[in-house]
Amino acid sequence: MEYNFLRIEEKWQKFWMQNKVYKTEIDESKPKYYVLDMFPYPSGAGLHVGHPLGYIASDIYSRYKRLTGFNVLHPMGYDAFGLPAEQYAVETGQHPELTTEKNIERYREQLDKLGFSFDWDREVKTCSPEYYKWTQWAFIRMFDSYYCNDAQRARPIAELIEVFEAEGSLRVNAACTETLRFAAGEWKSKSERERQEILMNYRIAYLADTMVNWCPQLGTVLANDEVVNGLSERGGYPVEQRRMRQWCLRVSAYAQRLLDGLEAIDWTESLKETQRNWIGRSEGAEIRFDIVADSRGGGSKKDGFIRVFTTRADTIFGVTFMVLAPESDYVAQLVTPDRRAEVDAYLESTKRRTERERIADRRVSGVFTGGYAVNPFSGKKVPVWISDYVLAGYGTGAIMAVPAHDARDYVFARHFGLPVIPLVEGCDVSEESFDAKEGVMINSGFLDGLTVPEAIRRAKEYVRENGLGEIKVNYRLRDAIFSRQRYWGEPFPIYYKDGMPYPVAEKDLPVELPEVDKFLPTESGEPPLGRAKNWVYSPESDTTAYPLELNTMPGFAGSSAYYLRYMDPHNSEALVSAEASKYWRSVDLYVGGTEHATGHLIYSRFWNKFLCDSGLTEEDEPFRKLVNQGMIQGRSNFVYRINGTNTFVSRGLKDGYKTTELHADVNIVNNDILDIKQFRTRKPEYETAEFILEDGEYRCGYGVEKMSKSLYNVVNPDDIVVTYGADTLRLYEMFLGPLEQSKPWDTKGIDGVHRFLRKFWRLFHDEEGFYVSDEPAGKDELKILHKTIKKVRGDIESFSFNTSVSAFMICVNELGALKCNRRAVLQPLTVLISPFAPHIAEELWHLLGNRTSVVKASFPEYDESLLVEDSFDCPVSFNGKTRFKLPIPLDASEDDIKAAVLADPQTQRIMKGKEAKKIIAVKGKIVNVVF
RNA sequence: GCCUCGGUGGUGGAAUAGGUAGACACGCAGGACUUAAAAUCCUGUGGACAGCGAUGUUCAUGCGGGUUCGAUUCCCGCCCGAGGUACCA
């Protein structure tokens, strides 16, 4: 009987669905295990063979865990809000909900063909109101919370109000935008609006005027991780800096916890490192430089000093000037009247440059303010400049410049002819700065003679002891900008009263996305929600219709807590019930791509920590172990058209001609040989094409590129499933190489895996049909089986699925050679392979006479005693080089082994009568003779 | 620039505690079955040299050193590739 994979796969997919074989419930009698895939954004292009790679791996692991006695939660859903659907809507007028729904259907169809063991009853879609109700709910919790630095956790904002009422803000140590100082009496005398403004300074979800990444083409602001090299991640449009009032999340309050949390989780070192870089902790000192009074500009109103942050307090004696960011508040204090015109011109010119231009064009620019400040260590007066190489958003937006020991300051100093004072003995600063933290200090007063690390420590102590500033830790991580001027996203549960935002009552959630006539901004420049009719809210006992927020939430809002919702997806009372949260706790294994390292994976960890502070989640970290699957790239094929003709020349002959390289659809190329007949049908102009062949064939060139429609290298999983079956596709994707590694898809190797499945099938069949023998298994057969069980168990635990597939192939080849058809061997082997190739396993499992699904079986154990040999083919080496193998009894002593080796005629031939100087015998491993 | 991970046959890749380098598969070559093709099965397959031959010799895991009886594996210094990050003070 033939292996009819199409019939088998259809049959069992139907069976699994109808019987809800993969439905999961809380079961206290079993240990839980939570396996999660990063849910996909359902794009219009559908899945290509690269997408399911991670899903296959996680499915294998889930099935394995189930077979080893775990209650496995393995859900799937859709990250359904997003820009492409909205842009498509703008172009076509179709509601994004419709296109999204259509795409989801298509995704589901494709996924269903691959035999995944998802519990589809738990499906979530971020765009459904039942789901985003809880995104909105979490946002309100953040709005109603502040971060207490003493307790290192979020607390209700009501507690903060109590403190303000009792004693004012002086003893409050909370994460905030600006440190405010007021007494209880002052608080009490403030108006409602003033109080709300003060509280906004502390809320974890807060509204603030900040510098944001504004993308004019997209008409929206973007978070830092959505900007790559000054261009928008989506679309690649220029991004500029703008000051706007936006919702933000106080992620920076969690910087240290996000950093510390990395220690305890099982992620790859490189991913942790990426996050550490992104968080960017640096230890240093914040030092005050007094502004020289008579140089002060007219606009001086407050402090009279400039704060700077530095990690190199030791270099303070080398400060020859200071620099302010153009957007810095200090600018107004320092500009002298005679410099005003020039400074204004400079500020104007920097404002016009986009971030991209600043990066691309690093020419030195700057302007002197006319003002001076005093070095608190040396008492020396230094000029204060403005330049766009200092960033407003990091540290204090002002720096002390030490040109001798900082490359950027050096370039600036040389350009404007400012002095450079070397501070390290023997360093040469004639050509470039000396940035290394090594050497012995000079020209540095009381720091002279200390090494650099000693000097850093000493200088920081001096700052603290003399009240010149404070020792401080700075983070690069900024608060997340949480507003988007878009339609297709979660609406904010916020309304405005007297210009101040208030949260919608919990009972009125979700605030559903309203209908609009067009998905574009309004004529007055408001976001698309400005077009909605009746977009207002009336809180209880107030009949006034207050306007609702016009912005929507960004893409990462919906993906930040979806793993919690899967635990209890239909709960209308809570994001997740206490019972479900206590049982499932957190994700044990998370599989997905690295591209989310500084986006989703930071936001999710932040979101989870916030919910954990409120007692809603059990674990501080959401994803205990994370595996990054590599990208499957496309393998493109090329044809070479001779310039100015319609003649195509084969790869091997193309060097004789001037040709243009064109993509050929990989689906009409086999082993790099072009199907000319099909090629002619692809484009009208190809119909009459001529070909210069080699050996009667047209050979294509190839290259590895991203898998994309426009490059004609997309391979569709549906096509593979039809020709080879889902089990073959699953095995082949795993066989392709290590999971974490990126690799090009090349269909030609798939035959080997398909052949293996047919051989496997044949073990259970003779000419008549299904036949297995009930005779006891032979020793050799059991040994093959148990060797494979041991190998596959180890491989799955370490995610080395590629070598498991090899182990299966070896096993089936060896059993085939023995003509093994014993049930005692084939039954456990069926269970063993079922995580990888579930359809064929299920079919064989039933043919073997089992009534239940193979999912309910137990993963086979191996018997070590069967694997032990009584003798061992010991490799014998001479001077480290292995020459032959000698069977040696395992119980032989080392002396016996040495004697046996020396007595062997082959040894005598190789040594040609020479004396052995030394013999090393490692039992069970090797013998090495040195002569 | 800094950080992380890699570099093994014609190709994808094995070698999961320093111990037979190249498992398994693709491709290729030869053979069997077949009127033929497909499918299937068998054999060979890192390079060089020697031999009719079984076989033997020798070189090989990016390059150069080191530790070791023995290094793809550990250490030092380079080269190359991929990814992350970058006026972050």
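All values below come from the heavy atoms of this structure, side chains included, with hydrogens, waters and symmetry mates left out. Convention: sequence-line order gives letters A, B, ...; per-chain numbering from 1. No experiment lies behind these values; they were computed from the predicted model shown.
The aromatic rings of F317(A) and F377(A) sit perpendicular to each other, their planes meeting at more than 60°, with 30° as the lower class boundary. Aromatic ring pairs are classed by plane angle as parallel below 30°, tilted from 30° to 60° and perpendicular above 60°; the pair H600(A) and H596(A) is perpendicular. Below 30°, between 30° and 60°, or above 60°: for F808(A) and F836(A) the angle between ring planes is above 60°, a perpendicular geometry. Using the six-membered ring where Trp is involved, F735(A) and Y732(A) have ring planes that are tilted, between 30° and 60° apart. Ring planes of H754(A) and Y3(A): tilted class, angle from 30 to 60°.
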Distances under 3.5 Å only, N/O to N/O: pair up the protein atoms with those of nucleotides 56-59 of chain B.
unit_1	atom_1	unit_2	atom_2	d
U57(B)	OP1	R883(A)	NH1	3.3

Interface polar pairs with nucleotides 8-12 of chain B, N/O, under 3.5 angstrom:
unit_1	atom_1	unit_2	atom_2	d
G12(B)	O2'	L736(A)	O	2.7

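Heavy-atom contacts from other residues, nucleotides or ligands closer than 6.0 Å to CD of E269(A) number more than 12. Within a 6.0 Å radius of CD in E470(A), other residues, nucleotides and ligands contribute more than 12 heavy atoms.
The CZ-C1' distance, from R476(A) to U85(B), rounds to 7 Å in whole Å. C3(B) atom C1' lies 15 Å from atom CH2 of W278(A), rounded to whole Å. When rounded to the nearest whole Å, the span between CH2 of W761(A) and C1' of U40(B) equals 18 Å. The interatomic distance linking N277(A) (CG) with G83(B) (C1') rounds to 12 Å, in whole Å. Protein atom CG of D795(A) is 12 Å distant from nucleotide atom C1' of C24(B), rounded to whole Å. With rounding to whole Å, D388(A) atom CG is found 15 Å from C88(B) atom C1'.
The side chain of T598(A) lies closest to U85(B), out of C88(B), C24(B), U85(B).
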field: Step-by-step side chain to side chain contact (heavy atoms under 4.5 Å, CB included) determination, T723(A) to I750(A)
entry: CA-CA 11 Å; T723(A) 26; I750(A) 203 168; over 6 Å; no
message: Please evaluate residues E263(A) and K272(A) with respect to the criterion salt bridge (charged side-chain N to carboxylate O under 4.0 Å, His left out), reporting the C-alpha separation (whole Å), side-chain torsions for both, the decisive distance (0.1 Å), and the verdict.
response: CA-CA 9 Å; E263(A) 301 304 320; K272(A) 287 189 193 179; 5.9 Å; no
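Taking the six-membered ring wherever Trp is involved, the centroid distance between the rings of F412(A) and F321(A) falls below 6.0 Å.
Using a 4.0 Å cut-off between a side-chain N of Lys or Arg and a carboxylate O of Asp or Glu, D675(A) and K677(A) do not qualify as a salt bridge.
Toward the 5' end of RNA chain B, the nearer of the two residues T396(A) and K918(A), judged by each one's closest nucleotide, is K918(A).
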- prompt: In dot-bracket, 5' to 3', how would RNA chain B read with Watson-Crick or G-U wobble pairs under 3.5 Å, [ ] for crossing ones and | for pairs to another strand?
  reply: (((((((..(((......[....)))((((((.......))))))(((((....)))))..(((((..]....))))))))))))....
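For a distance-only test at 3.5 Å, the side chain of R281(A) fails to qualify as a donor-acceptor partner of the base of C88(B).
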